[in-house]
Amino acid sequence: MAQRSCLAALHEVPVLAVCFLACLATGLELSINNHAADFSLFTLPGPPVSLSCLVQNSSQAEELLWYRGDGKVDLKDGNKVNVSNICISPVTESDNGVTFTCKLARDKSVQVSVILDVQFPPRLTGEESLQIEEEKDVTLSCNAKSNPQAQTSWYKNNTTLILEQNRHQLYQTSEVGQLSITRVQKSDIGTYTCVVKSSLGEGRKDFHLTVEDKKPVFPKEAIIAAVVVVILTVLFGIVARRDKIFKVQKAL
């Protein structure tokens, strides 16, 4: 009986260990820059951003992990236990929307995340010259990327463009603004300006549109018919002169 009791006690040791670890994890939480819940961090391109992850309610040393999106961030040995800091330097426009997550190494379900909200104005400059044949279609495209999202307006020769139904179409996403003109006419010649404006600033780009005369197009049916006529004429000519050709050959 004593032997069985000892065996039972041995089997209970792993269970007790699991319970002990579970008790240690109870109440554990992480915070980034004093935020214990996921949050967005507003910032601008250029200056570095520091993120500090802290273990709270811990009675032992806890190893921390950092992730940028799905990729693990390399940390130095002295920057992993109970407190861990990372620095994004310099912050760029490409960091907008990127998620940084701090996790507990032994229990990755204990985590907290921050999403970078990098705000920047539209950066649109320059000009472009376009030549298009009359009655062809043309599309003018502006890079309208910004945060917050900008609104795009179109001007022709420095006045607001009057849109013609079935001839002008506007298309805009968070990164591009487009003006499409169907069946271009001589009256469409001019300078088109794309103005991209947000609460942080604006950008603009000029398009100098030139319309060339429509090139004459020969109908395929007429060309095919002409070729057929020529071939038939040649064949009839050969048939008509067949007897003369045979007589010449006999004489030879």
Side-chain angles (χ1 to χ4, degrees), residues 38-47 69-70 90-99 113-230:
D38 296 349
F39 69 105
S40 294
L41 179 62
F42 294 91
T43 185
L44 298 173
D70 295 328
V91 174
T92 65
E93 295 175 8
S94 62
D95 292 317
N96 182 48
V98 175
T99 300
S113 297
V114 54
I115 301 175
L116 292 189
D117 189 348
V118 184
Q119 300 200 342
F120 54 94
R123 306 188 188 282
L124 184 64
T125 58
E127 56 185 341
E128 185 176 342
S129 295
L130 300 171
Q131 288 186 337
I132 189 71
E133 185 180 329
E134 194 174 7
E135 294 190 8
K136 292 290 184 67
D137 299 340
V138 66
T139 297
L140 314 180
S141 296
C142 282
N143 179 3
K145 187 176 182 181
S146 67
N147 183 36
Q149 183 175 342
Q151 295 298 317
T152 302
S153 302
W154 288 92
Y155 298 82
K156 180 183 178 183
N157 298 329
N158 296 320
T159 60
T160 301
L161 176 65
I162 299 176
L163 301 179
E164 297 182 27
Q165 190 175 8
N166 300 325
R167 284 228 315 129
H168 296 110
Q169 291 84 37
L170 297 180
Y171 174 77
Q172 181 171 352
T173 67
S174 60
E175 296 191 1
V176 68
Q178 292 182 336
L179 167 65
S180 295
I181 306 175
T182 304
R183 296 180 64 85
V184 171
Q185 304 170 1
K186 291 287 187 177
S187 59
D188 293 319
I189 294 174
T191 298
Y192 293 80
T193 303
C194 166
V195 177
V196 183
K197 185 180 299 184
S198 77
S199 58
L200 297 180
E202 71 173 49
R204 59 177 57 217
K205 181 178 180 180
D206 289 333
F207 298 86
H208 305 291
L209 181 63
T210 303
V211 180
E212 301 175 338
D213 292 334
K214 183 179 179 181
K215 297 177 182 178
V217 178
F218 297 99
K220 293 181 180 179
E221 294 79 6
I223 295 175
I224 295 173
V227 171
V228 171
V229 170
V230 171

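Excluded from the calculations below are hydrogen atoms, water molecules and symmetry mates; all remaining heavy atoms, backbone and side chain alike, are included.
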Worksheet item: From L116 CG over to T43 OG1, what is the distance, rounded to the nearest 0.5 angstrom?
Response: 7.5 Å
Worksheet item: Which pair of non-hydrogen atoms, one from S180 and one from T139, has the smallest distance, and what is that distance?
Response: OG-OG1, 3.0 Å
Fill in: Considering all heavy atoms, the nearest G177-W154 contact
O-CZ2, 3.9 Å
Practice prompt. Look up atom CG in L161 and atom SG in C194, then write down how far apart they are to the nearest 0.5 Å.
Written response: 11.5 Å
Fill in: Residue pair E135 / Q185, side-chain heavy-atom distance below 4.5 Å
no
Worksheet item: Can any side-chain N or O of K156 pair as donor or acceptor with the backbone N or O of T191 at less than 3.5 Å?
Response: no
Worksheet item: Stepwise, does the side chain to side chain contact (heavy atoms under 4.5 Å, CB included) test hold for L130 with F207?
Response: CA-CA 7 Å; L130 300 171; F207 298 86; 4.2 Å; yes
Discussion item. Can you give me the closest heavy-atom contact between P90 and D95, atom names plus distance?
Written reply: O-OD2, 3.9 Å
Fill in: K215/E134 salt bridge by N-O under 4.0 Å criterion
no
Practice prompt. Report yes if some heavy atom in the side chain of Q131 is under 4.5 Å from a heavy atom in the side chain of E212; otherwise report no.
Written response: yes
Worksheet item: Is the shortest distance from a Lys or Arg side-chain nitrogen in K197 or E202 to a carboxylate oxygen in the other one below 4.0 Å?
Response: yes
Worksheet item: Which heavy atom of P121 sits nearest a heavy atom of S198, and at what distance?
Response: CA-OG, 4.3 Å
Worksheet item: Any side-chain donor-acceptor pair under 3.5 Å between Q149 and S174?
Response: no
Item to complete: Assess whether side chain to side chain contact (heavy atoms under 4.5 Å, CB included) is satisfied between T152 and L170, documenting all intermediate values.
Response: CA-CA 10 Å; T152 302; L170 297 180; over 6 Å; no
Worksheet item: Yes or no on side chain to side chain contact (heavy atoms under 4.5 Å, CB included) for Q169 and T182, after CA distance, side-chain angles and deciding distance?
Response: CA-CA 8 Å; Q169 291 84 37; T182 304; 3.4 Å; yes
Item to complete: Would you name the heavy atoms of L209 and I181 that are closest together and state the gap between them?
Response: CD2-CD1, 4.3 Å
Worksheet item: Salt bridge or not for E127 and K205, using N-O below 4.0 Å?
Response: no
Discussion item. To the closest 0.5 Å, what do you measure between CD1 (I115) and CG (L41)?
Written reply: 11.0 Å
Fill in: Any side-chain heavy-atom pair of P45 and T92 under 4.5 Å
no
Item to complete: May I ask you to test the P148-L200 pair for a side-chain heavy-atom distance under 4.5 Å?
Response: yes
Worksheet item: So which heavy atom on K145 is nearest to which on N143, and how close?
Response: N-OD1, 3.2 Å
Worksheet item: Quick one: does N147's side chain have a donor or acceptor within less than 3.5 Å of a partner on V118's backbone?
Response: yes
Worksheet item: Distance-only, no hydrogens or angles: does the R167 side chain make a donor-acceptor pair with backbone N or O of R183 under 3.5 Å?
Response: yes
Item to complete: Kindly check if the number of other-residue, nucleotide or ligand heavy atoms within 6.0 Å of CG (N157) is above 12?
Response: yes
Worksheet entry | Heavy-atom side-chain proximity of L44 to Q119 below 4.5 angstrom | yes
Practice prompt. Run the numbers on D206 and Y192 for side chain to side chain contact (heavy atoms under 4.5 Å, CB included), then give the verdict.
Written response: CA-CA 6 Å; D206 289 333; Y192 293 80; over 6 Å; no
Discussion item. Taking the side chain as everything from C-beta on, heavy atoms only, tell me whether D117 gets closer than 4.5 Å to F42.
Written reply: yes
Worksheet item: So do D137 and I132 actually touch side chain to side chain, heavy atoms under 4.5 Å?
Response: no
Discussion item. Measuring only between side-chain heavy atoms, which start at C-beta, is C142 closer than 4.5 Å to L124?
Written reply: yes
